[in-house]
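Step one of this worksheet: look at the structure below.
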Amino acid sequence: MDSLKINKVQLRNLQIEDYEQLAQSFTRVYTDGSDVFWTHKQIEKLIRIFPEGQIITVVDEKIVGCALSIIVNYDDVKNDHTYAQVTGKETFNTHNPKGNILYGIEVFIHPQYRGLRLARRMYEYRKELCETLNLKAIMFGGRIPNYYKYSDQLRPKEYIDKVKQKEIFDPVLTFQLSNDFHVRKVMRNYLPNDEESRHYACLLQWDNIYYQEPTEEYIAPKTTVRVGLVQWQMRSYQTLDDLFEQVEFFVDAVSDYKSDFILFPEYFNAPLMAKFNNEGESQAIRGLAAYTEEIRERFVKLAISYNINIITGSMPLIKEDGLLYNVGFLCRRDGSFEMYEKLHVTPDEIKSWGLSGGKALQTFDTDCAKIGVLICYDVEFPELSRIMADQGMQILFVPFLTDTQNAYSRVKVCAHARAIENECFVVIAGSVGNLPRVHNMDIQYAQSGVFTPCDFAFPTDGKRAEATPNTEMILVSDVDLDLLNELHTYGSVRNLKDRRSDLYEVRMKK
């Protein structure tokens, strides 16, 4: 191999005129000089029924490898079967263009060109083809050619486990595992003449993480989501109409950029407490709570009018139990809405206002992503976002209100940690400025932002976008959900997948 001089390597679709070169190159690989394993008739049929599934590797105009495949139904191959059955005794009458599995029937590389990772290129092509055709998975029966050396000591399962743990090298199985295939089951008599594998084979599977169940009204899912953040300036407002004049300005501006979401900060409506200052802090916050129902109704109308999903930040609410809570609303652009609650209230919220912690934690389905919302202090408790990650959360929104840079740093650093450990996007938005006529709301500090996991597909510092500190503004940013899917499966580290569920778990008690 050291003497090979390679100038150009490429993949291309197999053509029938390539057959003669295939036959000449691979005669000895299969039959000790008599005839190539695949006949002219078989290659011709494969090209005719499924041309994109048949590819060759070409090095300096010489064909040195080939990969052949067909499409079958998952139900036909999910359990025990033989190579003869899945290929229709090599007639390929089993090929079904309406199936959902790309089934590999052959991969080979000329011995002189092995060790150059050329087979990996063909596998990458198969994965791309599987995604392009919206197929559920790639499957095939994989030999375990080194098993004969250990068959008197190990059962097939034990042998496979040792190959997985790198204690034993198997030229086929080790390669397949490194290409993200997993062993679905062990099959007997897959290739009856395979003495090296002792007649066993592994049913190997690679799952297409982008697969969507086909429907008559299939619409490709939205993968890029645009989020808008409002870094809200605290200022005096005399009435709710005055407040919502500014709210609508931001909704209008963000929707002009075709955003899918807009996020407001925690207690963005605090200026309206000035009206109740003479009644004391605990009464002032309860006076503010009287606006909450109308605020929600106005946000629902704005969501519909401006075709945007609104996360309303937070506001006080007195529930039927008579207790005061910190809540917010997801107002969808279809007119529906749901409420989220702050579970952990700060010592100051308890001391000054008498707030109680909520009890509901959930994720929310929207038209473009599954989201979660944690209000300010809640983001500093990693258990909450971990539970939501288990429910499929892709974007975590955090409306916050912090007075000092110390408090802001707690929110920011914890939000960034949640993005890394839960492999999701985290969006935070806060308020700036001051409210001299509102008790307990003197000053605010914020730098809103969008945080990401830290891997090659994301910014190196995990910061997708950040606002100018302590300045009223909007921030608009795109997040790509496909990058999360890839991270879950192929990331340098996989925090969700690698959790030791055999040792610990995080769950809600109710």
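Quick caveat, the model's predicted, so the values are computed rather than measured.
- Between L324 atom CG and R286 atom CZ the span is 4.5 Å, to the nearest 0.5 Å.
- Under the 4.5 Å side-chain criterion, counting only non-hydrogen atoms from C-beta, I387 is not in contact with R507.
- Between V427 and F261, every side-chain heavy-atom pair lies at or beyond the 4.5 Å cut-off.
- Q231 and S448 share a side-chain donor-acceptor pair at under 3.5 Å.
- Taking every heavy atom of both residues into account, L481 and V225 meet most closely at CD1-CG2, 3.9 Å.
- When each of T132, N179, N208 is paired with K127, the side-chain contact (heavy atoms from CB on, under 4.5 Å) condition holds for N179 and for no other.
- Put simply, the side chain of E52 reaches to within 4.5 Å of the side chain of L129, judged on heavy atoms.
- Separating the CD atom in E349 from the SG atom in C376 is a distance of 7.5 Å, to the nearest 0.5 Å.
- Between F140 and Y103, the ring centre distance reaches or exceeds 6.0 Å.
- N13 and Q15 share no donor-acceptor pair across their side chains, judged by distance under 3.5 Å alone.
- Salt-bridge formation is detected for the pair D502/R500: a Lys NZ or Arg NE/NH1/NH2 atom is positioned less than 4.0 Å from an Asp or Glu carboxylate oxygen.
- A donor-acceptor contact shorter than 3.5 Å links the side chain of R494 to the backbone of T489.
- Using a 4.5 Å cut-off on side-chain heavy atoms (C-beta onward), V373 and T363 make no contact.
- For the pair H182/K164, no side-chain contact is recorded, criterion being any heavy-atom separation below 4.5 Å from C-beta on.
- Shown here for A67 and V107, the closest heavy-atom pair between the two residues is CB-CG2, 4.0 Å.
- The main-chain N or O of I71 is never found under 3.5 Å from a side-chain atom of N96 such that the two would form a donor-acceptor pair.
- Screening R418, M393, E383, Q394 for a side-chain contact (heavy atoms from CB on, under 4.5 Å) with M388, the sole residue that qualifies is M393.
- Between the side chain of D461 and the main chain of K463, a donor-acceptor pair closer than 3.5 Å is present.
- Minimum heavy-atom separation, P265 to V230: CG-O, 3.5 Å.
- Using a 4.0 Å cut-off between charged side-chain N and carboxylate O, R332 and E338 make a salt bridge.
- Using modelled atom types, one finds no donor on one side chain facing an acceptor on the other under 3.5 Å when comparing D260 with N309.
- No hydrogens or angles considered: a donor-acceptor pair under 3.5 Å links the side chains of S492 and D455.
- More than 12 heavy atoms of other residues, nucleotides or ligands lie within 6.0 Å of CD in E279, so this atom counts as buried by the packing criterion.
- No donor-acceptor distance shorter than 3.5 angstrom exists from the side chain of T452 to the backbone of F425, with no hydrogens or angles considered.
- Salt-bridge annotation for D378 and K342: absent, with no side-chain N of the basic residue lying under 4.0 Å from a carboxylate O of the acidic one.
- Taking 4.0 Å as the cut-off between side-chain N and carboxylate O, K412 and E466 count as a salt-bridged pair.
- The 12-atom threshold is exceeded at CZ of R120, counting heavy atoms of other residues, nucleotides or ligands nearer than 6.0 Å.
- Taking CD of E131 as the start and CD1 of I138 as the end, the distance is 8.5 Å to the nearest 0.5 Å.
- When each of F337, F264, F329 is paired with F299, the ring-ring contact (aromatic ring centres under 6.0 Å, His included) condition holds for F264 and for no other.
- Scanning all heavy atoms of the two residues, the minimum distance from M273 to W353 falls at CE-CZ2, 4.0 Å.
- Taking a 6.0 Å sphere around NZ of K351, one finds it holds 12 or fewer heavy atoms contributed by other residues, nucleotides or ligands.
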Exercise for review: Decide yes or no on side-chain contact (heavy atoms from CB on, under 4.5 Å) for F50 and L102, but give the supporting numbers first.
Suggested key: CA-CA 11 Å; F50 187 28; L102 184 67; 3.6 Å; yes
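- Between R298 and E293 there is no salt bridge, since none of the side-chain N atoms of the basic residue sits less than 4.0 Å from a carboxylate O of the acidic one.
- No more than 12 heavy atoms of other residues, nucleotides or ligands sit less than 6.0 Å from atom NZ of K301.
- The main-chain N or O of P469 is found under 3.5 Å from a side-chain atom of T471 such that the two form a donor-acceptor pair.
- Residues M139 and Q205 come closest through the heavy atom pair CE-OE1, 3.6 Å.
- In terms of heavy atoms, M339 sits closest to F364 at O-CZ, 3.8 Å.
- Using a 4.5 Å heavy-atom cutoff, the side chains of N422 and R386 are in contact.
- Heavy atoms from other residues, nucleotides or ligands lying under 6.0 Å from OH of Y257 number 12 at most.
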Point to revise | Residue pair L14, I47: steps toward the side-chain contact (heavy atoms from CB on, under 4.5 Å) verdict | key: CA-CA 7 Å; L14 177 62; I47 294 173; 3.9 Å; yes
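- Of the N and O atoms on the side chains of E248 and Y306, at least one donor lies less than 3.5 Å from an acceptor on the other residue.
- Between I304 and D334 the shortest side-chain heavy-atom distance does not fall below 4.5 Å.
- Separation of atoms CG (L343) and CG (L374) is listed at 7.5 Å; rounding is to 0.5 Å.
- When atom types are taken as modelled, the side chain of R12 and the backbone of I56 share no donor-acceptor pair closer than 3.5 angstrom.
- Contact of the L355 side chain with the Y325 side chain is not registered, since no non-hydrogen atoms from C-beta on lie closer than 4.5 Å.
- Checked by atom type and distance alone, the side chain of S259 never pairs as donor or acceptor with a backbone atom of S255 at under 3.5 Å.
- Panel note: side chain N326, backbone E341; no donor-acceptor pair is recorded below 3.5 Å.
- Expressed to the nearest 0.5 Å, how far CD1 of I428 lies from CD of E266 amounts to 12.5 Å.
- In this structure, CG on L288 lies 11.0 Å from NZ on K275, to the nearest 0.5 angstrom.
- Using cut-offs of 30° and 60° on the angle between ring planes, the pair W232 and Y237 is tilted.
- The environment of CZ in F381 is crowded: more than 12 heavy-atom neighbours from other residues, nucleotides or ligands sit within 6.0 Å.
- If you check the side chains of T239 and D242, you find a donor sitting under 3.5 Å from an acceptor.
- Of the possible polar contacts, one joining the S314 side chain to the Y267 backbone as a donor-acceptor pair under 3.5 Å is found.
- The existence of a salt bridge linking R499 and D390 is confirmed by a sub-4.0 Å separation between a basic side-chain nitrogen and an acidic carboxylate oxygen.
- Between the side chain of T292 and the backbone N or O of P316 there is at least one donor-acceptor pair closer than 3.5 Å.
- With no hydrogens or angles considered, a side-chain donor-acceptor pair links Q176 and Y123 at under 3.5 Å.
- A salt bridge links E472 to R235: one of the charged nitrogens lies within less than 4.0 Å of a carboxylate oxygen.
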Practice item. Output, in order, the C-alpha distance, side-chain angles, deciding distance and verdict of side-chain contact (heavy atoms from CB on, under 4.5 Å) for T312 and C331. Key: CA-CA 8 Å; T312 66; C331 300; 3.9 Å; yes
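- The closest side-chain donor-acceptor pair between E486 and Y210 falls under 3.5 angstrom.
- A salt bridge links D367 to R333: at least one charged side-chain nitrogen sits closer than 4.0 Å to a carboxylate oxygen.
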